[in-house]
Amino acid sequence: MPTPTRGFLGRRRDRDPRLPPGQYDVGADWPVLTAEAAPRITPETWSITVDGRVESPTTWSWAEAHRLPPSEYRGDIHCVTTWSKFDTHFAGVSVDTLLAAARPTAEAGFVMATSKTGYTTNLPLADVTGGKAWIVWEFDGRPLPVEHGGPVRLLVPHLYFWKSAKWITRLTLLARDQPGFWEQNGYHDRGDPWRQQRYQGD
Amino acid sequence: MTEPESVVLGAGVAGAPSGGWRTATVAGVRRPVPRSVQLRLDVADRVDHLPGQHYVVRLTAPDGYTAQRSYSVASAPGDPLVELFVERLPDGEVSTHLADVVEPGDVLEVRGPIGGWFVWDGVSPALLVAGGSGVVPFVSMLRTARALGRTDLLRIAVSVRTLEELPYAGELVDAGALVVTTRESRGIRPAGRLAAEDLVPLWEPGQTAFVCGSASFADAAGRLLLGLGVAPRDIRIEQFGPTG
Ligand SMILES: Cc1cc2nc3c(=O)[nH]c(=O)nc-3n(C[C@H](O)[C@H](O)[C@H](O)COP(=O)(O)OP(=O)(O)OC[C@H]3O[C@@H](n4cnc5c(N)ncnc54)[C@H](O)[C@@H]3O)c2cc1C
């Protein structure tokens, strides 16, 4: 254990048990955090592709994606910049549905998510399968706002939110892990909020 | 409506240094601006940073509880000490401790430098747009430019409530920064927000635009730059401070 800092007691000891360490409850706010300016993408020109180590690379248009079986998430989200937001409600489709169509090969162990802007983030395949990840176009029953990644973003709520790539257009299955944008810039490869995996080496 | 061109966001400056947890001894504490503190830290086995990078400060309570937050470096890499500038948030856990309790001689745990994206390479022209304490990484860039004799590469625009609240106001004004005050008039200019007309004379093709401040400031400044025709790939944004 590190030596205590002189005079520091720490605040907010009655913490909501839903709050991972080092996080605070942002309440009704939803801070907009991005490394880049928001692109304007019309639903008609948006599509999502699943490719890489898959048996049948597949692309869905907006209309095709909306014909897939719907799936939703109700629960909390956590940003590495220390805010958490409780009881969010997102709707879209499960990543499992996309993967079932594209059929990852036996070597596929990782996923690189890429957005329209070129933003990338890497994930172990196990973190986006088994009902743990979605691509979503609705927040609280309304179209997802562009500053929060609309028309469509990835949602991986059990990891820090930089993994939930905004403006998602591609999921590439990989045999070997490769760092994405923030991961190359010093952030952790996995980003589990309960283990405070914020930076490389945490 | 035209689609944005696809951009590949890369690793920023190739090989940006990054360091692990280290012990820092507080060498200096100053409060040149109300509700803020400037800390000068002597960091053991320091890894030289690039201007724009940040450190994480971790505080530990006697029962082992810890809190950690990020702070941009204000000093140039050549400075023997690492300088941080922290704005005290009324309800903040870490900023209040740093502003109210920390004294010279105290030992803090720090991790850094961190970040390879929001970093100035020292050779390319850049437009720096800050809201309030968002100037901190730009002060490091400015000091680095001075050390390199290349202040001609940087254009700086800052928005702050009043000049008195602006960290490093003297240094920024001397460097020719445009300072826009939202709560007081300055010279012939009435109180008001940073506007597109303010940025027009500062913007030149070939610049990378760096924006730093609260999330709402960063969002507004990002939109101003896009409105001026700056390509999305030339805009780098870092947000901190309270939202809203
Ligand atoms: C890359 C980076 C660089 C940064 N550089 C700087 C810098 O140079 N200088 C600087 O001053 N800051 C900087 N920051 C911000 C800094 O990291 C901290 O976020 C800031 O100091 C606040 O920390 P805190 O512990 O004092 O406040 P926190 O305790 O984290 O609180 C933050 C805000 O949330 C509110 N809040 C806290 N708890 C609750 C709650 N339960 N419900 C509702 N609201 C709540 C508080 O009122 C406060 O306004 C930087 C951030 C990043 C990400």
Side-chain angles (χ1 to χ4, degrees), chain A residues 1-13 15 21-24 26-42 44-46 79-83 114-121 147 167 169-170 179-187 196 198-202, chain B residues 1-4 6-12 16 18 20-21 53 56 58-70 91-94 96-97 101-103 106-109 111 113-118 211 215-216 218-219 222-223 225-226 230 232-233 235-240 243-244:
Chain A
M1 188 180 103
T3 333
T5 314
R6 187 189 64 78
F8 179 69
L9 297 174
R11 304 268 291 275
R12 295 190 280 280
R13 298 313 181 82
R15 291 165 57 85
Q23 298 292 112
Y24 76 93
V26 75
D29 287 356
W30 187 5
V32 175
L33 294 170
T34 166
E36 34 173 2
R40 307 284 144 175
I41 302 164
T42 52
E44 300 73 53
T45 59
W46 173 87
C79 176
V80 69
T81 62
T82 75
W83 57 263
T114 305
S115 85
K116 178 75 186 177
T117 66
Y119 175 89
T120 53
T121 189
E147 65 273 23
W167 313 302
T169 55
R170 191 175 291 271
F181 170 67
W182 286 121
E183 295 81 4
Q184 290 173 58
N185 285 301
Y187 282 78
Q196 284 214 70
R198 297 176 193 274
Y199 305 101
Q200 295 289 345
D202 278 349
Chain B
M1 188 165 150
T2 53
E3 287 285 312
S6 203
V7 195
V8 176
L9 288 174
S18 89
W21 289 106
Q53 287 193 295
V56 176
R58 178 161 75 186
L59 307 179
T60 304
D63 64 357
Y65 168 85
T66 60
Q68 61 176 55
R69 300 288 185 274
S70 305
D91 253 345
E93 181 173 30
V94 173
T96 52
H97 178 85
V101 181
V102 165
E103 292 171 359
D106 279 352
V107 173
L108 297 173
E109 265 190 300
R111 168 136 188 232
I114 294 175
W117 171 247
F118 201 80
V211 174
S216 59
D219 184 49
R223 282 171 205 270
L225 290 165
L226 288 176
V230 182
R233 64 156 176 271
I235 304 177
R236 297 184 180 204
I237 301 181
E238 185 145 283
Q239 297 102 334
F240 57 79
T243 57

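By convention in this document, chain letters (A, B, ...) are assigned in the order of the sequence lines, proteins followed by strands, and residues within each chain are numbered from 1.
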Asker: Please look at B/Leu59 and chain A and tell me whether the side chain, the backbone, both or neither of the residue comes under 4.5 angstrom of a heavy atom of that chain.
Answerer: both
Asker: For A/Thr5, check side chain to side chain donor-acceptor pair (under 3.5 Å) against everything at least two apart and list the hits.
Answerer: none
Asker: Between B/Arg111, B/Gln68, B/Glu109, B/Arg58, which has the largest tally of heavy atom pairs under 4.5 Å with chain A?
Answerer: B/Arg111
Asker: Identify which part of B/Val230 has an atom lying under 4.5 Å from any heavy atom of chain A, answering side chain, backbone, both or neither.
Answerer: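 When you check distances to chain A, no heavy atom of B/Val230 falls under 4.5 Å.
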Asker: Please name all residues satisfying side chain to side chain contact (heavy atoms under 4.5 Å, CB included) with B/Asp219, sequence neighbours left out, ordered by chain then number.
Answerer: B/Arg223
Asker: Any sub-3.5 Å donor-acceptor pair from A/Thr120's side-chain atoms to A/Phe181's backbone N or O?
Answerer: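 Checked: pair present.
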Asker: Could you tell me whether a side-chain N or O of B/Gln239 sits under 3.5 Å from a main-chain N or O of B/Ala218, the two making a donor and an acceptor?
Answerer: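 Between the backbone of B/Ala218 and the side chain of B/Gln239 there is no qualifying donor-acceptor contact (under 3.5 Å).
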Asker: Between B/Val101 and chain A, with a heavy-atom cut-off of 4.5 Å, which part of the residue counts as in contact: side chain, backbone, both or neither?
Answerer: both
